[in-house]
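Presented below is the structure to which this report refers.
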Amino acid sequence: MELRHAALTALQTADPEEKCQLASVIRAQFASYSIAIDSIPEPPSLPGRPAQPRLVPPPEVPRRSPFTPEGRAALIHAVCHIEFNAINLALDAVWRFAGLPAEYYRDWVRVAAEEAEHFSLLRRHLQSLGHDYGDFAAHDGLWEMAEKTRNDPVARMALVPRTLEARGLDATPLIQARLRQVGTQDALEACALLDIILRDEVGHVAIGNRWYRWLCARDGLDPLAHYKGLARTHRAPRLKPPYNDAARRAAGFTEAELQALRDAG
């Protein structure tokens, strides 16, 4: 079996449950795969995803208060959608970029499987609230950056895991604080799920940092200076405080990078 083709098959899969199962199988069977060094032609219509949720521009996603049951369901749905996108992003990182070390592929297969676990946890919680994935509108910002960086693994590592996904390190404690303020059983259960996700996401962002720096070293690039250029070129969103410095340090951001983040914010 060939790993990158298997990852592409999972990426093309539209059914969320089947996609999660495939991501888990690929991780469990990683040692049995070969890794092709050739480029794979890109099929149309990536990624595979269900007909719902309806995708709208970010400003059109309705904002609801977590102090209502419907609002909490919408909040969980938004995080669930992020995790679904994160499965696709990790699978795309595996199949799209050829000729990298085996550890690169092992890392991103692990991320895909863990994101699938997160999605499944959140989806079950959403179902306990009387809803399901697809019931609320969502936006496609994460995948849009994947499209922008499709031809450059350095840009992909810089602007997806260590920029867009790292925003979750900052946002999660704020979301948890609001849910604790609500104080209902379902809100506190959601906080516990977010604890699991935050713990794992620190590791995922660390993987992005690791491979961004590896690629910069390979190509003779200064990581800090090159990041600023990539952010301008690809119009990465400007990150805003408060920042979760402890989580970012645990994910491998340097003090110089944290200071640059503060200066830009």
Side-chain angles (χ1 to χ4, degrees), residues 2-14 19 22-23 26 33-49 55 57-58 82 84-112 115 139-168 204-239 251-253 257 260 264:
E2 201 288 302
L3 176 69
R4 292 173 54 234
H5 284 92
L8 179 57
T9 297
L11 179 62
Q12 290 176 286
T13 300
K19 189 188 295 283
L22 289 173
I26 292 170
Y33 289 98
S34 63
I35 302 174
I37 60 172
D38 59 311
S39 296
I40 301 172
E42 181 170 354
S45 303
L46 290 180
R49 52 188 162 199
L55 299 178
I82 290 170
F84 182 78
N85 269 304
I87 304 167
N88 288 328
L89 290 166
L91 293 169
D92 193 76
V94 173
W95 89 264
R96 184 174 296 276
F97 301 117
L100 294 170
E103 280 303 306
Y104 167 90
Y105 300 105
R106 185 188 298 275
D107 279 347
W108 288 108
V109 163
R110 168 195 153 190
V111 172
E115 302 290 18
H139 69 79
D140 205 26
L142 275 172
W143 189 257
E144 287 171 2
M145 185 58 75
E147 291 283 350
K148 290 180 183 179
T149 58
R150 63 197 298 167
N151 297 316
D152 183 358
V154 186
R156 172 66 63 85
M157 294 298 107
L159 300 179
V160 175
R162 65 192 308 274
T163 299
L164 297 186
E165 294 187 74
R167 288 199 296 187
H204 300 172
V205 176
I207 287 170
N209 269 320
R210 174 189 180 187
W211 291 107
Y212 174 67
R213 294 199 180 98
W214 186 91
L215 288 162
C216 284
R218 183 195 68 177
D219 297 344
L221 302 168
D222 175 77
L224 190 55
H226 191 60
Y227 175 82
K228 293 177 182 177
L230 290 171
R232 286 193 301 270
T233 298
H234 296 288
R235 298 181 182 178
R238 189 174 179 179
L239 305 184
F253 285 96
E257 287 169 332

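The basis for the numbers below is simple: all heavy atoms, side chains too, and nothing from hydrogens, waters or symmetry mates. Bear in mind that the values here come from a model prediction, so they are computed numbers and not experimental data. Heads up: numbering here begins at 1 and tracks the sequence.
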(request) Take D140 and N85, measure what side chain to side chain contact (heavy atoms under 4.5 Å, CB included) needs, and give me the verdict at the end. (result) CA-CA 8 Å; D140 205 26; N85 269 304; 3.8 Å; yes
(request) Only pairs at least two apart or in different chains count here, so list each salt bridge (Lys or Arg N to Asp or Glu O under 4.0 Å) that has a residue in residues 221-234. (result)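 Matches after skipping sequence neighbours: none remain.
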(message) Filter on salt bridge (Lys or Arg N to Asp or Glu O under 4.0 Å), then keep only pairs touching residues 100-109, sequence neighbours left out; what's left?
(response)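 Counting only pairs at least two positions apart or across chains, the salt bridge (Lys or Arg N to Asp or Glu O under 4.0 Å) contacts touching residues 100-109 are E103-R106, D107-R210.
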(request) To the nearest 0.5 Å, tell me how far R162 CZ sits from Y227 OH. (result) 6.5 Å
(request) Evaluate side chain to side chain contact (heavy atoms under 4.5 Å, CB included) for R235 paired with K148, printing each intermediate quantity in order. (result) CA-CA 9 Å; R235 298 181 182 178; K148 290 180 183 179; 4.2 Å; yes
(request) Could you walk me through whether R156 and D92 pass side chain to side chain contact (heavy atoms under 4.5 Å, CB included), step by step? (result) CA-CA 10 Å; R156 172 66 63 85; D92 193 76; 2.8 Å; yes
(request) Sequence neighbours left out, what passes salt bridge (Lys or Arg N to Asp or Glu O under 4.0 Å) with R150? Give chain and number order. (result)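 Checked R150 against salt bridge (Lys or Arg N to Asp or Glu O under 4.0 Å); matches are E42, E147.
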(request) Please lay out, stage by stage, how T163 and M145 fare under the test side chain to side chain contact (heavy atoms under 4.5 Å, CB included). (result) CA-CA 10 Å; T163 299; M145 185 58 75; over 6 Å; no
Under 3.5 Å donor-acceptor, [X] side chain and [Y] backbone:
{"X": "R4", "Y": "I35", "answer": "no"}
{"X": "K19", "Y": "L11", "answer": "yes"}
{"X": "R238", "Y": "A264", "answer": "yes"}

(request) For V94 and A7, work out which heavy atoms get closest and say how close. (result) CG1-CB, 3.6 Å
(message) Parallel, tilted or perpendicular: which one describes the rings of Y104 and W211, with boundaries at 30° and 60°?
(response)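 The arrangement is perpendicular - the two ring planes meet at more than 60°.
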